[in-house]
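Every heavy atom of this structure was used, including side-chain atoms; hydrogens, water molecules and symmetry mates were not. Chain letters run A, B, ... following the sequence lines, proteins first, then strands; residues in each count from 1.
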There are 2 protein chains.
Amino acid sequence: MAATIRDVARLAGVSTSTVSRALSVPDLVNATTRAKVQSAAASLGYAPNKAARGLITGRTGNIGLVLPDLANPFFPSVVKGVQSRARAADVAVFVADTDENDLAEINLVRALAKQVDGLILCSPRANADELKRIAAETTVVLVNRLFDDIPAVVFDHQDGMRQAVAHLVALGHQRIAWVGGPVSSWSSEQRGSGLAAAAASQGVELVQVGHFPPYYDGGMAAADQVVATGATAVIAYNDLVAFGLLGRLHLRGLSVPADISVVGIDDIEAATMVRPTLTTVRLPKQQAGRLAVELLLSLLDEAVAPTPEPGGDSPGSQPDRARAEAKTNHRSLTGELMVRDSTGVAAR
Amino acid sequence: MAATIRDVARLAGVSTSTVSRALSVPDLVNATTRAKVQSAAASLGYAPNKAARGLITGRTGNIGLVLPDLANPFFPSVVKGVQSRARAADVAVFVADTDENDLAEINLVRALAKQVDGLILCSPRANADELKRIAAETTVVLVNRLFDDIPAVVFDHQDGMRQAVAHLVALGHQRIAWVGGPVSSWSSEQRGSGLAAAAASQGVELVQVGHFPPYYDGGMAAADQVVATGATAVIAYNDLVAFGLLGRLHLRGLSVPADISVVGIDDIEAATMVRPTLTTVRLPKQQAGRLAVELLLSLLDEAVAPTPEPGGDSPGSQPDRARAEAKTNHRSLTGELMVRDSTGVAAR
DNA sequence: GACGAGTCTGCAATCGGTTGTAGTCACATG
DNA sequence: CATGTGACTACAACCGATTGCAGACTCGTC
């Protein structure tokens, strides 16, 4: 069906090796030969077979993207970022949805790992040991999770939470509820501790109302507990949970923000579609996706053209530099508070 | 790194061909040999290299899924359906988002086509000629679009629109507005004509207010024209557009459903998160995805073990049966009206 | 005990590329 | 004119699997 390198070679009157070189390392072949080959290739619409190339080079030109739940609008944004960047580098992206299931997650990772050059794990639920093992046998970039020295792109939750708390404090809130996400979620932990720090430094009370599924229903389930805390403002693990809070609060006849202020995290598109529109911390999701790809690609390049063995000739020297280098594999993106209608001056 | 077939062969004390057969066509090898091979393979954690296999078999074990916009929650649902079914068949899925851009669409298709066994095109925007060409050079299944004999999974918009109109008629609405989607959208056309038919047969007036982008902003833009028509009810191209209508109507101080009823199409999750909750036609999105994969896989099987040439021995005979067979490549799924708070008895 | 039939297994070619190595050729130099 | 040099290009092995074909082996039968 498709043209092979042999077809091109025949048409150009050269050998297949010359074709291969003319197309991948043009400097190695004579200019006139190169031109012949290139025009032959063009006229046949030749494109090298990725599988065949991968067989010999050991690289597939594909990457994998594993995430918990495509139905959560947070993730499609990341996917878009990943795709746009990957496309520019001419690599294709396998996308896999784990349905928030950590078992499915490691199975998918295992299955994908063999077909890709590297993997991007977005908000992985896997535990530390599994993560460690995965990273040991595959090139991996984490998004929205930090673990050891595994390269990662994360959001600066400390800062995001600080912004949210500052906003609420300015509105007079003194007692803020926090609706946590899944226990296995790194970002939930980060957001929680970021909040705790922010609340402490800004002199307000923070009360956690537990862990809830990161869906609308999770927010519904949390709402009554939030009300019971007597807090005048609540920060939700993510926007979906915030929506659930809004829904249940409305059912109970409580008015937002008059009776209670609600803050989300993520800034998914729907945040401006609900009423009241949702005050939330916007995370640069697409950018995270793009950065993750860049990080991954640079790691892959590095692997093929390895930098001099760290400490190879002078073992133990410059440990600080080594650590600093490792640090550069962690990119932190800051969020931005979007103030909308769901927050107002504290009740009472 | 990973174990190859040679490693297994060595460990089992047989040749690579025996290993290959023992694992793929077990009947061909002696039971004891087979057991030896299988345990060797298991102990090495052997899994055949897909690229190498693909090289000789011509099949990659991958499929591609192309869709207009992952940010529209309609599509992630389809993706989920596709993935769950594909995973069961051990095929991996490339996902590509075209950003509603028909040019990007054909480029992506072209790029993907070489790396996959088949393609699922979801709500493709490509025109007829391009579609024809694509289908000619790749195994393709369409979702949410019908064209010629290309295998497809579609939704029965006739019926969905009939349900929506019946609901509105029962509420006393006599003049219904229709907010169309993109002009290049097949489903918009279908929904429009389905509506026209339903309105005619049920004796109510239908007024189209043009074509709008399938986003929240499209609904915002359409709302004022809808109001100007004097219609007491409006059906939107999809839920996102309906949300936009709700938003703009609210801004204008109109109350839904007291002043005007709003109906969406899709039933994305957010339909129950907005206020008022949205009456909408639920489309079985995941099922569509699953069916599309099944259709695609069966077509691929067929291609490898082709059925007797249609009309080969008795040309021209049984044209009806042939046509009926072609028809079986079109699956139609019916939607279901979800009545919620955005529809009520007609104003006045 | 030899031969035929029937099973099973191994050899080797093949898929479409890449790449180390050896060979060709033109040219310049002694 | 013979030889050395450098710049290209062709040959062939190889990546990891699959598969047609032929050889080996077992067993039953005459």
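- Counting any heavy atom pair closer than 4.0 Å across all strands shown, B:Val14 reaches sugar-phosphate atoms only and no base atom.
- The side chain to side chain contact (heavy atoms under 4.5 Å, CB included) with A:Arg34 is formed by just one residue from the set A:Val19, A:Val29, A:Leu23; it is A:Val29.
- The separation between A:Leu23 atom CG and C:dG16 atom P is 17 Å, rounded to whole Å.
- Interatomic distance, A:Leu121 CG to A:Leu108 CG, rounded to the nearest 0.5 Å: 10.5 Å.
- Here B:Asn329 contributes atom CG and B:Ile150 contributes atom CD1; the two are 11.0 Å apart, rounded to the nearest 0.5 Å.
- Summarising the geometry, the separation between CG on A:Asn49 and C1' on D:dG16 is reported as 14 Å, rounded to the nearest angstrom.
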- Reading nucleotides 19-28 of chain D from 5' to 3' and marking B where a protein heavy atom lies under 4.0 Å of the base, S where only the sugar-phosphate is that close, and - otherwise, the string is BB--------
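- Looking only at distances, no side-chain donor or acceptor of B:Glu130 sits under 3.5 Å from a matching main-chain atom of B:Ile106.
- From B:Lys80, atom NZ reaches atom CG of A:Asp99 across 4.0 Å, with rounding to the nearest 0.5 Å.
- Under the 3.5 Å distance criterion, the side-chain polar atoms of A:Thr138 are left unmatched by any main-chain donor or acceptor of A:Ala135.
- Ranking C:dG17, D:dT9, C:dT9 by closeness to the B:Val29 side chain, first place goes to C:dT9.
- Partner of A:Leu299 under the side chain to side chain contact (heavy atoms under 4.5 Å, CB included) criterion, out of A:Val140, A:Thr139, A:Asp117: A:Thr139 alone.
- Per the geometry, CG belonging to B:Asn30 stands 5 Å off P belonging to C:dT9, to the nearest Å.
- Rounded to a whole Å, the CD1 atom of A:Ile5 is 15 Å from the C1' atom of D:dC14.
- Between the side chain of B:Arg6 and the base of D:dG16, at least one donor-acceptor pair of N or O atoms lies under 3.5 Å.
- For C:dG16, the OP1/OP2 oxygens have no side-chain nitrogen or oxygen of A:Tyr46 closer than 4.0 Å.
- Residue order along DNA chain D, read from the 5' end via each residue's closest nucleotide, puts A:Asp27 first among A:Asp27 and B:Arg53.
- The separation between A:Leu55 atom CG and D:dT18 atom C1' is 13 Å, rounded to whole Å.
- Between A:Arg59 atom CZ and C:dG17 atom P the separation is 18 Å, expressed in whole Å.
- Nearest nucleotide to the B:Ala52 side chain, out of C:dG17, C:dG10, D:dA17: D:dA17.
- At whole-Å resolution of the value, CG in B:Leu44 and P in D:dG16 are 14 Å apart.
- Taking atom CG on A:Asp7 and atom C1' on C:dG17, their separation rounds to 13 Å, with Å as the unit.
- Across all strands shown, B:Ala47 has heavy atoms under 4.0 Å from sugar-phosphate atoms exclusively, and none from any base.
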